[in-house]
Amino acid sequence: MVRIKADEVDRDHSVDKVEQILQGAMQEFLQNGYAGTSMDRVAVAAGVSKATVYSHFQDKEGLFKVLLEQLASKKNDSIFGTEPIEGEPAAVLHHLGTKALDLMKNDQEHTAFMRVLIGESGRFPELAQICVQAMIKPVTETLTQYLAAPELNIPDPEATARILLGALVHFHITQDVMHGSDIIPMESDRLIDALTHLITKCAD
């Protein structure tokens, strides 16, 4: 008979509790914004005690940071995978752009979370900085590394990566986050085709 050690049970139980807390926190942040969310409310939403919440997270900002980092990690892995980016540039860029926009558009939780983040960034600039650190910076670095390949012959890979990412994020924000698709309609393929053309022509 296999015996499960007590510390393994505690560790698994702790992981479950953290996930409960993060799910409760997401629910509260989306419903009430950052300012309107308290650790008490998170505890109630998560179905745990306030002491349990504080045993895992020091404060609300720390909880928000972990939530954002987890969201960013999942998104980045979904878009880029865990291996170095390889392949013919036009195909790679089109694939990455399509996947990024599809994930952003179809993940309603992500869209709602971005609305909260943008709305709260004026009063809580440190929250926006957490987003840049956890979500924008790693993507920019990954794209820069790919675009720096000698065969692409791109003079400024980092600036090009920021142009690419900026165009995709701007499209998502104006079309989905800010409900602008009826005002300035455009199919995502048009944007991705144009970006791919601009970048690969630079490499020719």
Going by side-chain hydrogen bond (donor to acceptor under 3.5 Å, both in side chains), name the residues that satisfy it together with Arg123, two or more places apart in sequence or in a different chain.
Glu120

Just verifying a value: how many Å separate [X] [atom1] and [Y] [atom2], rounded to the nearest 0.5 Å?
X	Y	atom1	atom2	answer
Leu22	Glu19	CG	CD	5.5 Å
Lys105	His110	NZ	NE2	14.5 Å
Glu88	His95	CD	NE2	13.5 Å
Leu93	Ile85	CG	CD1	8.5 Å
Met114	Asp107	CE	CG	11.5 Å

Just to verify, what does Ile79 make a side-chain contact (heavy atoms from CB on, under 4.5 Å) with, not counting sequence neighbours?
Leu96, Ala100, Leu103

Only one of Phe57, Phe113, Phe124 forms a ring pair (Phe, Tyr, Trp, His ring centres under 6.0 Å) with Phe64, so which one is it?
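Passing option: Phe113.
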
Pairs involving residues 43-52, ordered by first then second residue, that meet side-chain hydrogen bond (donor to acceptor under 3.5 Å, both in side chains) (sequence neighbours left out):
Asp40-Lys50, Ser49-Thr52

Sort and list the pairs that fulfil side-chain hydrogen bond (donor to acceptor under 3.5 Å, both in side chains) and have at least one residue in residues 129-143, not counting sequence neighbours.
none

Side-chain donor or acceptor of Thr160 paired with backbone N/O of Thr144 under 3.5 Å
no

Which pairs of donor and acceptor atoms, one on a side chain in residues 165-178, lie under 3.5 Å apart (sequence neighbours left out)?
from	atom 1	to	atom 2	distance (Å)
His172	ND1	Asp176	OD2	3.0
Thr174	OG1	His170	O	2.9
Thr174	OG1	Phe171	O	3.2
Gln175	NE2	Ile184	O	3.4

Residues which pass salt bridge (Lys or Arg N to Asp or Glu O under 4.0 Å) with Glu69, listed by chain and number, not counting sequence neighbours:
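Glu69 satisfies salt bridge (Lys or Arg N to Asp or Glu O under 4.0 Å) with Lys65 only.
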
For the CD atom on Gln145, are there more than 12 heavy atoms of other groups (residues, nucleotides or ligands in this structure) within a distance under 6.0 Å?
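Check fails, neighbour count at 12 or below.
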
